[in-house]
K.L.:
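Got a structure for you, written out below as structure tokens; questions coming shortly.
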Amino acid sequence: MSKPFLQLILAGVTLFLNSANAGVEVARVNEKVITIEEVKSKVAEATRMNPLLPPSRKQVLDDLIKREVAIQEAKRTKLDQDPVAIERMNNALYTYLIEKKIGSEFEKMTLSEAEARNWYQKNPEVRSSHIFIALPPDTKPEEEAGASKRLTEILGEIKAGKYSFAEAAQRFSEDPSAALGGDLDYRMKDRLDPTYYRALLKIGKIGDIAGPVKTPFGLHLIRLTGKQEWIHTDRNKVKALILDDRRQELVNRVLNGLREKARVSINEKALRD
């Protein structure tokens, strides 16, 4: 028998044994079979998560058995038909669909230092202070107008030198930052309301004030107090924000495409009522 032919036979035997081993029953929970391959797979997964304390096969099998008896009990008692369970399962399906649709494309994304720096020039880390008046959801138009007028008056008093911005914030702001003179410290765009952040970027010089600015939370007088230079900012954070934006673009592309193929009707009257 030639050596290449013998190697081919041995390879086939190995493949057969591995395939057979994958289906070897290691436990049975009622009619559900748990195979040794499932146990090995879970052991490997747990070891990757915590290589310093890998579980034994017996520990993993015990966990799989407990999980299976719980799943069977849930189905027996029709928990899989409970609205809360259905909503959670739908959320899991939604998340998994997104992962399947964009996962490979997202993993291939690259981001250069120059791209990150260019993005940061348009989306810098900024420091601001604000004077805030809350507008609850049931605020009436005349109440909002009154709050806006009051902030305008406060702005006039600041410009006239009656108060510094910090003093006015301590006296009049309804935000917890009032104790700090309204200071919100340095924040990137992910930690500020989008409307608030856009208003900040429109302020020309450090120390200038914009407002009243309306956000979903209420009305603000906003003072720009600093812009972080690229060299001093957290570049890893910047890159993470950019990748988050790009991931959201991919998600929107997938979901918009699915929506275009679906039959969607909207009751505008009910939406307005």
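Model, not experiment: these values are computed from the prediction. Only this structure's heavy atoms are used, side chains among them; waters, hydrogens and symmetry mates stay out.
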K.L.:
Taking the side chain as every heavy atom from C-beta outward, state whether R67 and D63 have any atom pair closer than 4.5 Å.
P.N.:
no

K.L.:
Through direct or indirect side-chain contacts below 4.5 angstrom among Ile, Leu, Val, Met, Phe, Trp and Tyr, which residues connect to L53?
P.N.:
none

K.L.:
When you check the gap from the basic side-chain N to the acidic O, do E113 and R235 get nearer than 4.0 Å?
P.N.:
yes

K.L.:
Can you tell me how far the NZ atom of K149 sits from the OG1 atom of T152, to the nearest 0.5 Å?
P.N.:
9.5 Å

K.L.:
Can you tell me how far the CD atom of E249 sits from the CG atom of L243, to the nearest 0.5 Å?
P.N.:
11.0 Å

K.L.:
Below 4.5 Å, heavy atoms only, C-beta onward: do K214 and E144 meet side chain to side chain?
P.N.:
yes

K.L.:
Can you list everything that forms a side chain to side chain contact (heavy atoms under 4.5 Å, CB included) with E73? Sequence neighbours excluded, please.
P.N.:
R76, T77

K.L.:
Would you indicate whether L93, at its atom CG, is surrounded by more than 12 heavy atoms from other residues, nucleotides or ligands within a distance under 6.0 Å?
P.N.:
yes

K.L.:
Tell me whether E37 is salt-bridged to K40, with the criterion being a basic N under 4.0 Å from an acidic carboxylate O.
P.N.:
no

K.L.:
Restricting to side chain to side chain contact (heavy atoms under 4.5 Å, CB included), what partner residues turn up for K261, sequence neighbours left out?
P.N.:
none

K.L.:
Return the CG to CD1 distance between N90 and I86, rounded to the nearest 0.5 Å.
P.N.:
7.5 Å

K.L.:
L250 versus M109: any side-chain heavy-atom pair under 4.5 Å?
P.N.:
yes

K.L.:
Side chain of Q72, backbone of V29: donor and acceptor closer than 3.5 Å?
P.N.:
yes

K.L.:
Please tell me whether L97 and V254 are part of a single hydrophobic cluster in this structure, the criterion being side-chain heavy atoms less than 4.5 Å apart.
P.N.:
yes

K.L.:
Quick check: do Y186 and T233 have side-chain heavy atoms less than 4.5 Å from each other?
P.N.:
no

K.L.:
Is M188 reachable from L111 through a run of hydrophobic residues whose side-chain heavy atoms are each under 4.5 Å from the next?
P.N.:
yes

K.L.:
Is there a side-chain hydrogen bond (donor to acceptor under 3.5 Å, both in side chains) between Q248 and N252 once you walk through the steps?
P.N.:
CA-CA 6 Å; Q248 191 57 51; N252 289 340; 3.1 Å; yes

K.L.:
Any Lys/Arg nitrogen of R246 or E115 sitting under 4.0 Å from an Asp/Glu carboxylate oxygen of the other?
P.N.:
yes

K.L.:
To the nearest 0.5 Å, how far apart are CG in N50 and CD in E45?
P.N.:
12.5 Å

K.L.:
Quick one: list whatever passes side-chain hydrogen bond (donor to acceptor under 3.5 Å, both in side chains) with K32, sequence neighbours left out.
P.N.:
none

K.L.:
Enumerate the residue pairs fulfilling ring-ring contact (aromatic ring centres under 6.0 Å, His included) with a member in residues 43-75, sequence neighbours excluded, ordered by first and then second residue.
P.N.:
none

K.L.:
Could you tell me which residues satisfy side-chain hydrogen bond (donor to acceptor under 3.5 Å, both in side chains) with N91, sequence neighbours excluded, listed by chain and number?
P.N.:
none

K.L.:
Test salt bridge (Lys or Arg N to Asp or Glu O under 4.0 Å) on K162 and E167 and set out the steps.
P.N.:
CA-CA 9 Å; K162 185 174 181 179; E167 289 169 340; over 6 Å; no

K.L.:
Can you give each donor-acceptor pair under 3.5 Å made by side-chain atoms of residues 193-205, sequence neighbours left out, with the distance rounded to 0.1 Å?
P.N.:
from, atom 1, to, atom 2, distance (Å)
D193, OD2, T195, N, 3.0
D193, OD2, Y196, N, 3.2
T195, OG1, R198, NH2, 3.4
Y196, OH, S128, OG, 2.9
Y197, OH, N123, O, 3.3
Y197, OH, P124, O, 2.7

K.L.:
Can you tell me how far CG of D208 sits from OG1 of T225, rounded to the nearest 0.5 angstrom?
P.N.:
12.0 Å

K.L.:
Are the side chain of E38 and the backbone of T35 linked by a donor-acceptor contact shorter than 3.5 Å?
P.N.:
yes

K.L.:
Going by the rule side chain to side chain contact (heavy atoms under 4.5 Å, CB included), which residues pair with K122 if we only count those two or more places apart in sequence or in a different chain?
P.N.:
none

K.L.:
Under the side chain to side chain contact (heavy atoms under 4.5 Å, CB included) test, which residues partner D175, sequence neighbours left out?
P.N.:
H130, F132, S173, S177, L184

K.L.:
With a 3.5 Å distance limit and no angle check, can you tell me whether E105 reaches the backbone of I102 through a side-chain donor-acceptor pair?
P.N.:
no

K.L.:
Could you work out the complete set of other residues in the hydrophobic cluster of M49, with links drawn between I, L, V, M, F, W and Y side chains under 4.5 Å apart?
P.N.:
none

K.L.:
Could you tell me whether the side chain of E143 and the main chain of K140 form a donor-acceptor pair under 3.5 Å?
P.N.:
yes

K.L.:
For R117 and I231, what are the C-alpha separation, side-chain angles and deciding distance, and is it a side chain to side chain contact (heavy atoms under 4.5 Å, CB included)?
P.N.:
CA-CA 9 Å; R117 186 169 58 252; I231 193 171; over 6 Å; no

K.L.:
Is D62 salt-bridged to K66, cutoff N-O under 4.0 Å?
P.N.:
yes

K.L.:
Looking only at heavy atoms, what is the nearest atom pair of I266 and R259, with distance?
P.N.:
CD1-NH2, 3.8 Å

K.L.:
Give a yes or no on whether a salt bridge exists between K237 and E125, defined as a side-chain N under 4.0 angstrom from a carboxylate O.
P.N.:
no

K.L.:
Rounded to the nearest 0.5 Å, what separation is found between the CD1 atom of I71 and the CG atom of L64?
P.N.:
9.5 Å

K.L.:
Can you name the nearest heavy-atom pair linking P55 to A46, along with the distance?
P.N.:
CG-CB, 3.6 Å

K.L.:
Between the main-chain N or O of V43 and the side-chain N or O of T47, is there a donor-acceptor pair closer than 3.5 Å?
P.N.:
yes

K.L.:
Is there a side-chain contact between V126 and L192 in this structure, where contact means two heavy atoms from C-beta onward sitting under 4.5 Å apart?
P.N.:
yes

K.L.:
May I ask you to decide whether R28 forms a salt bridge with E68, counting only side-chain N to carboxylate O separations under 4.0 Å?
P.N.:
no

K.L.:
Please write out which residues are connected to L135 in a hydrophobic cluster, directly or through intermediates, given that two of Ile, Leu, Val, Met, Phe, Trp, Tyr count as joined at side-chain heavy-atom separations below 4.5 angstrom.
P.N.:
I131, I133, L151, I154, L155, I158, Y163, F165, F172, I209, L219, L221

K.L.:
Assess whether atom CD of E142 is packed by more than 12 heavy atoms of other residues, nucleotides or ligands within 6.0 Å.
P.N.:
yes

K.L.:
If the condition is ring pair (Phe, Tyr, Trp, His ring centres under 6.0 Å), which residues does W230 pass it with, not counting sequence neighbours?
P.N.:
Y120

K.L.:
Give a yes or no answer on whether the side chain of T215 reaches the backbone of F217 with a donor-acceptor pair at less than 3.5 Å.
P.N.:
yes

K.L.:
If hydrophobic clusters are built from ILVMFWY residues whose side chains come within less than 4.5 Å, do V24 and I65 share one?
P.N.:
yes

K.L.:
Please report the shortest heavy-atom distance between R247 and F106, naming the atom on each side.
P.N.:
CB-CE1, 3.4 Å

